[in-house]
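We name chains A, B, ... by the order of the sequence lines, and we start the count at 1 in each one.
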Number of protein chains: 2
Amino acid sequence: MDLDAVRTFVAVADAGQFQDAATALSITQQAVSKRIAVLEKDLQVRLFNRTARGAHLTIDGQTFLPHARELLRVEARADASVRPGRRALRVDVHSRRIAPAVLLQDFHRAHPRIELDVVTLDADVHAAMAAVEAGAVDATFHAVPVPARHLPDGIRTARVIDEHHELLVGPRHALANARVVTPGQLAAHRIWMPGMALGTEWADYYDELAAAFGLTIDLVGPVFGNEALLAEIADSAQLATLAGERTRYLWPDSYDLRRIPVRHPAPIYPMSLIWRDDNPHPALAALRDHLDSRRVRAPDAEVWLPTWVS
Amino acid sequence: MDLDAVRTFVAVADAGQFQDAATALSITQQAVSKRIAVLEKDLQVRLFNRTARGAHLTIDGQTFLPHARELLRVEARADASVRPGRRALRVDVHSRRIAPAVLLQDFHRAHPRIELDVVTLDADVHAAMAAVEAGAVDATFHAVPVPARHLPDGIRTARVIDEHHELLVGPRHALANARVVTPGQLAAHRIWMPGMALGTEWADYYDELAAAFGLTIDLVGPVFGNEALLAEIADSAQLATLAGERTRYLWPDSYDLRRIPVRHPAPIYPMSLIWRDDNPHPALAALRDHLDSRRVRAPDAEVWLPTWVS
DNA sequence: TACTTTCACAACAATCGGTTGTGGCTCGCC
DNA sequence: GGCGAGCCACAACCGATTGTTGTGAAAGTA
């Protein structure tokens, strides 16, 4: 099926005659006639009744018309999804479960008309930044463990998310009924975070956090996935894990997991939006405004930040 | 945008390399290469990274892929909507508010996989029957005011709907609080049914009904549409109208309209399904089965039927 | 009847889209 | 490091497609 023929079909259906449709499409009436004839032959169905006063849809044409329009709509969306200068704002969130994804969803609710393309590059800061630099994505969310002056030329960052932490424990854990926990209290317990890839900015952060408060954070061990991790924690009196406050977790009620805020001080995982200064995408400015407006700053005295925060 | 190119794009994305996609599409690798190149030029975006071990999607390709699949899905549906032998069962319901439409919706719920195309031909029995004969629609619902032996050759009918009536009145009407009304009781009141086109089988039916029970049924008068009719009736102490039991009406609560069954005897508007005997569409048999199973027959003693019912 | 407007058919030219043939590149193997 | 295998791209060629112009039949209108 030829989309130009479909477009022509819709034009004729709208115009009511071949000649006007031809004018609208800047081709000759004969070309329109041919295209429709080919489409009809293709579908093995007559789409128009031709009269001396124009063409009107047959019952098959009426049936086909909404499908034809849908086809053109989908084509336009497909085109707009990638065409440079017109495509949706493409933002890398690193993982669809963590705060950036939640904030993007929030942004989408606030601006439903803005086309968004949420991707996960599965890359660390540096690779993601390279993707931004190359224009593969318009923006990415990451902790930026280097001072702004060391960033590549033309790359800009803004700290937009101060993510607090929660301890995730099962009902038999010693801290299961705590309303909040302090980092100091955690020193006595084992924190288990398998799959937190070594050498990434996340591992750096948790290393420094562990050192600062004398914590035992296990980053190694086989990674069976998130569902397995939750099941183990639900079942264990010793195991606990740390999660971002806005990280999305789902578990069965029977797990009876508790999310306990970590405070006094509250360790903060600072994430920045990273984008190219010369990116003219209008939705990018809207996203930055939105993130600014949703930013909540905790008083400095009550938080702990890694040393590399500029 | 060329759908063959889109199809090729999806094939390559699935296969992971041009050669295999070419084999799957029964064309040469060079043709695949050309199609993808044209598509990329068209979209002004690179869709694949070519390596010596195949081709994998760029980020733009990843973004485009779901749109491409959607495009092909919609194309398939558009094609299936009209292609003879594969198209959806096309049924004329005369009006989307009356019992046939309700029953078709019921059928759709019972068989969600069967593709249905519900149309309104805006034609009387004879024109609708001609449409069935010509194959424009697979079936139509109508009262058939002629004996079966007078039907065109190859046309079959089955009485599938015995529609009861309700009186529709406003709260100030004399019958507003009746639980049921008899046709005899209605003789004292004015029944208003504007828009019931003269010369159709509906008008014939209501003419005969009026004669049988001495009713005053107004079929004439300006037709301002259904909403206007309901508003007038809600407001009037005299006006009432008759409606099929399963006819769909919507009105604001403030109208406080009452639907009062007409019984003892219950006038019945008998509608048949009309189809071509040689129509092999499998969904047609399913529809007939369904209608048969839903058919409710009232005892003959309690109903009134027009004389032309065979 | 003559005129206008509709769409379809025929002939021709340009373009498109396929094939075959070939070459450059990269990877893995010896 | 050299070499073969496998991948994709480019070029030449050729038939099919798709547009154009010119023309004609049919039907409504003055």
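In this structure, Phe18(B) and Phe48(B) have perpendicular ring planes: the angle between them is above 60°, well past the 30° mark.
Using modelled atom types, no side-chain atom of Asp138(A) and backbone atom of Val91(A) make a donor-acceptor pair closer than 3.5 Å. Between the Asp277(B) side chain and the Arg156(B) main chain, no donor and acceptor come within less than 3.5 Å of each other.
Counting non-hydrogen atoms under 4.0 angstrom, Ala55(A) reaches the backbone sugars and phosphates but no base. Heavy atoms of Gln19(B) sit under 4.0 angstrom from primed sugar atoms or phosphate atoms, though from no base atom. Within the nucleic acid shown, Gln17(A) comes within 4.0 Å of sugar-phosphate atoms alone, with no base atom in reach, counting heavy atoms only.
We find that NZ of Lys41(A) is positioned 13 Å from P of dA16(D), with the value rounded to whole Å. Rounding to whole angstrom units, CG of residue Leu3(B) and P of dG17(C) are separated by 13 Å. Atom CZ in Arg50(A) sits about 19 Å away from atom P in dA25(D), given to the nearest Å. Rounded to an integer number of Å, the gap from CZ of Phe18(B) to C1' of dG24(C) is 16 Å. Taking atom CZ of Arg53(A) as the reference point, atom C1' of dA30(D) lies 15 Å away to the nearest angstrom. Here the P atom of nucleotide dC8(D) and the CG atom of Leu47(B) are 15 Å apart, to the nearest Å. Atom NZ of Lys34(B) is separated from atom C1' of dT15(C) by 11 Å (rounded to the nearest Å). dA8(C) atom P lies 13 Å from atom CD1 of Ile27(A), rounded to whole Å.
For Asp2(A) and Val32(B), each mapped to the nucleotide of DNA chain D holding its nearest heavy atom, the one lying further toward the 5' end belongs to Val32(B).
Nearest nucleotide to the Arg35(A) side chain, out of dA8(C), dG19(D), dT20(D): dG19(D). Side-chain proximity of Gln29(B) to the nucleotides dC8(D), dT29(D), dA27(D) is greatest for dC8(D).
Checking the phosphate oxygens (OP1, OP2) of dT19(C), a side-chain nitrogen or oxygen of Thr28(B) falls inside 4.0 Å. Side-chain nitrogen and oxygen atoms of Ser33(A) include at least one within less than 4.0 Å of the OP1 or OP2 phosphate oxygen of dA8(C).
Ser81(A) and Arg87(A) are not linked by any side-chain donor-acceptor pair at a separation below 3.5 angstrom, with hydrogens and angles left out of the test. Thr63(B) and Asp117(A) share a side-chain donor-acceptor pair at under 3.5 Å.
Side chain Gln30(A) to base dG22(D): a donor-acceptor pair is found below 3.5 Å.
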